[in-house]
Structures are given as C-alpha cells and as structure tokens.
Asks: 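Can you keep this structure in mind? I'll have questions shortly.
Reminder, nothing fancy here: chain letters follow the sequence lines and each chain counts from 1.
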Number of protein chains: 2
Amino acid sequence: MGLRERKKEKTRLAILDAALDLFLEQGYESTTVEQIAGAVEISPRTFFRYFTSKDHLVLWFHDHGQEIMLETLASRPADEPAFTSLMHAMRAVLNDIASSTPDETERFLKLRRLMEAHPRLVGLSVARGAETERRLVEAVAARRGVDPEEDQLSHLIVAFASCTMRVGFECPRRDATVPEITRRMAETIELAERSLLPGWDR
Amino acid sequence: MGLRERKKEKTRLAILDAALDLFLEQGYESTTVEQIAGAVEISPRTFFRYFTSKDHLVLWFHDHGQEIMLETLASRPADEPAFTSLMHAMRAVLNDIASSTPDETERFLKLRRLMEAHPRLVGLSVARGAETERRLVEAVAARRGVDPEEDQLSHLIVAFASCTMRVGFECPRRDATVPEITRRMAETIELAERSLLPGWDR
DNA sequence: GTAATCTATGTCAGAGGATGACTTATCACA
DNA sequence: TGTGATAAGTCATCCTCTGACATAGATTAC
C-alpha cells in the first residue's frame, strides 16, 4: 500500500470519526456536511468524493458486514442447509467485530448509539439490507440449484436469516458492550433455529 | 365530508396520479417536484403540504397497509397465536386491494411497476416497514403479556411475518395482475407456515 | 347578507445536499 | 528533475425542502 492509499484511508476514517462525534453531539439532521468537512479541514466537495452522501456515513458498517457475509457464504460447504450457512455468515460478522481494534469497536458502538437516537437511520440500514438480500438470494439459489426468480423458498430463507440478524442486533441495554451484543445475537440465532422445522431450508 | 375536504382529497389523488405517470415515463430521479406541481397546476410549495417529501409519494400504500394490519390485529382473538394473527392481517391488506375500485387498483399496479424499475424505492418502503414493525411488536407483546423490550420472540414473530409479506409481494412476472399477486402471496404464507414449528409463536 | 374567521394556496427567500466542469496541488515513477 | 496521474479545491448550479408572510376563498355567526 503506497503513501497515497494510506493517506486516503486516514482521511476516510478522520471524516467518519468527526462525523460520528458531531452527530452524537448535536444530532444527525442538524449537522451539515460543511461542518464535518470543516472539522477535518477538507472542502465539502472532497467529502462527497469519500462518501457518496451524508447517509453513506452510516452505511459503512452495513457494507462491511455484507462483504463478510458473502465471503463466508461462499466458503461454506455446498451441501449445508442454506439457513445454517447464513447463520454461520452472521456469526462471522460478529467475530469480526469482536476481534477488531479498539478504534473500530468504538466506531461500531458509536454508530449503534447514533442509530438508537435516530430511528430514520435504522431504516436506512434496513433499506440497504434489501439490496444485500438480492445478492444473498442469488448465492443461495445457485447453491440450491434453482432459479432465483421462481423459487420462493430461497427468498424466504434469506429473508428469515436477515431479519434474525436484525432482531439480534437490537439490544435493549442503552450502552451495550460488544460481548453483550454477541451474546444477544447468539440467543436470537438459537431462538430462530428452535422455531423452524428441521430441514425446512433444504 | 364537506366540500373543502373532498376538494383536498381530489387534489391529493391528482398529484399522486400525475407523479406516478411522470415517474413511469421519465424515471423517478429525473422527475422534479416542480414538474409534478406543474402537471396539476399547483405551486411546488403546495405539493409539500400534501406530501411531506417526494419520497412520501411512494409510501402512501405502505401507510395504508399498515393501518389495515394494525386494525385487523386488534380485532383478532387474543388467544390466537401471534403469527397466525399477523398472517390474517396480511390477508386483510390483500382483500382490501382485491376489493378496491379500478382507479385504486391501477395506482397500486403502477406503484409496483415503479418499484420494480427503481430498487431504491423498494428500500424506502422496507425502511418504513421497520417503523411499522415497532408498532406491531408492541401490539404482539401486549397480547402475549410480555415486555416488548425484553422479549425477543415477539420481535422475531413480527420480523418473520413482515418479511413473509415482503417475499409474497415480490412477484416474478413483470406485469402481474392483482389475482396473480394474491395467489403468490397465499403461496408464500403457506410456505412460511409449513416452515415453522407448530406452536413456535405461543 | 354581511362581517369575522379560518384555512388552503401562492410568493419569496434561503438553507442544505449533491453534482459537473475546471483548475491547482501533490505524489509517483522514469 | 521532469512528466503524467490523481487527489483536492473552486465555482456554478440544480433540486429538495422549510419558514415567513400575503392573499384569496370558504365557513360560520349574527
């Protein structure tokens, strides 16, 4: 990685951190891109070269998680039931969080606090989830050897999996720690698996 | 309903119809509020008094469906398993569509075509769904006599139900008719019920 | 029927998000 | 060290959305 690349990554994170702090301090809506840009001493135009929109600041985690899920899914044995594979993919996302640096963890927790304070942002993330689902459906349908357009079960498997993930992330405690969130998530996965008929996702 | 009210409702629908047609003709993004307002001969400012945002045009159906779901849920026997009640609520939405006037049906089908062409709008609707879910969770938790903050199962029941609905609405045929959509939906409901353990939602 | 009131609409000004076109600065590599 | 690539800044502009204020039209009361 050249100097240029490293510098870009540093700027990216600087923008993200400045934005998260400003959002938590004075609210999402009332923070302008101009302020964020000012805080990291770049022009507003440059901000939009790092993040496609103000909303995009909130979606970096989702994008990151999606990548891990797709990778994990591809690495699971093809004959494993699809829902099981998806639950593994989900756990991989958790493991990634658990094994990240303190800086990354802090960002993650700040993002969670932000979303708790601003339900609209949860919606944003969920909306992005719909996009992710389409890709997951394709992967699942391919594994199951069916046409993703026609096979409803593939859609249902992915939909159930992704909403299990969503429910797991909703932690009642205001300032939940990473281990607490992980535990909650594990509970939700277990609950989902106990609710579904064995072999339903074959 | 006074003259004033009726006139307002007429304007509302005129805006909606003009917007849907423009969107389908020339795309969502490339249609401006100014154009829509021009088409129904009102000022852009007035547009925003009828719809809180351009996006809001696309959410009227969701809001309508949500209302029906909440009403139906309230009218179901309290001892019925929650998921079953939610499936009934969903069917009530379908019945409403099936029994609506030709104008309303046309609007619904146009909206579907629009969403097919613009995945972002699907995300929008899904995001609104997250908001709806919160209300449904409260209703379900109340019926089950548990704390909505603590009880994960209530969350999971609602999440599974609402994504069953979403999968059901996704119809592969480009220009599906209402009966086709209804049939598809019924199939999805059946599939979901067959996948879940009897009594999981008690 | 007219006055008083309420409310829907229009006009205007402006903030904030986002993008394109163009220029300037900075880095990378020969 | 010079040259090409690319990151960043500047400027202009579009579009969404909001607040403040004025006006026209409907509703109600007398």
Asks: Tell me, which of residues 14-34 of chain B have any heavy atom that sits under 4.0 Å from an atom in DNA chain D?
Replies: T31(B), T32(B), V33(B)

Asks: Is R128(B) paired with D63(B) through a side-chain N to carboxylate O contact shorter than 4.0 Å?
Replies: yes

Asks: Does the protein touch nucleotides 3-11 of chain D at the base, only the backbone, or not at all? Give it as B, S and - per nucleotide, heavy atoms under 4.0 Å.
Replies: --BBSBBB-

Asks: Listed by chain and number, what are the ring-ring contact (aromatic ring centres under 6.0 Å, His included) partners of Y50(B), not counting sequence neighbours?
Replies: none

Asks: Any salt bridge (charged side-chain N to carboxylate O under 4.0 Å, His left out) pairs touching residues 95-106 of chain A, not counting sequence neighbours?
Replies: E106(A)-K110(A)

Asks: Pairs under 3.5 angstrom only: tabulate donor-acceptor contacts from the side chains of residues 163-172 of chain A to other protein residues two or more places apart or in another chain.
Replies:
from	atom 1	to	atom 2	distance (Å)
T164(A)	OG1	F160(A)	O	2.7
R166(A)	NH1	E133(B)	OE1	3.2
R166(A)	NH2	E133(B)	OE2	3.2
E170(A)	OE1	H155(B)	ND1	2.9

Asks: Test: salt bridge (charged side-chain N to carboxylate O under 4.0 Å, His left out). Region: residues 25-54 of chain A. Which pairs qualify, not counting sequence neighbours?
Replies: E29(A)-R120(A)

Asks: I'd like to check the side chain to side chain donor-acceptor pair (under 3.5 Å) partners of T52(B); sequence neighbours left out, ordered by chain and number.
Replies: H56(B)

Asks: Please list, chain by chain and in numerical order, all residues satisfying ring-ring contact (aromatic ring centres under 6.0 Å, His included) with F48(B), sequence neighbours excluded.
Replies: none

Asks: Restricting to side chain to side chain donor-acceptor pair (under 3.5 Å), what partner residues turn up for R134(A), sequence neighbours left out?
Replies: E131(A)

Asks: Report the residues that fulfil side chain to side chain donor-acceptor pair (under 3.5 Å) with H118(A), sequence neighbours left out, ordered by chain and then residue number.
Replies: none

Asks: Which residue pairs satisfy the salt bridge (charged side-chain N to carboxylate O under 4.0 Å, His left out) criterion with at least one member in residues 151-164 of chain B, sequence neighbours excluded?
Replies: R144(B)-D151(B)

Asks: Under 4.0 Å from any heavy atom of chain A: name the first and the last nucleotide of DNA chain C that qualifies, 5' to 3'.
Replies: dG16(C) to dA28(C)

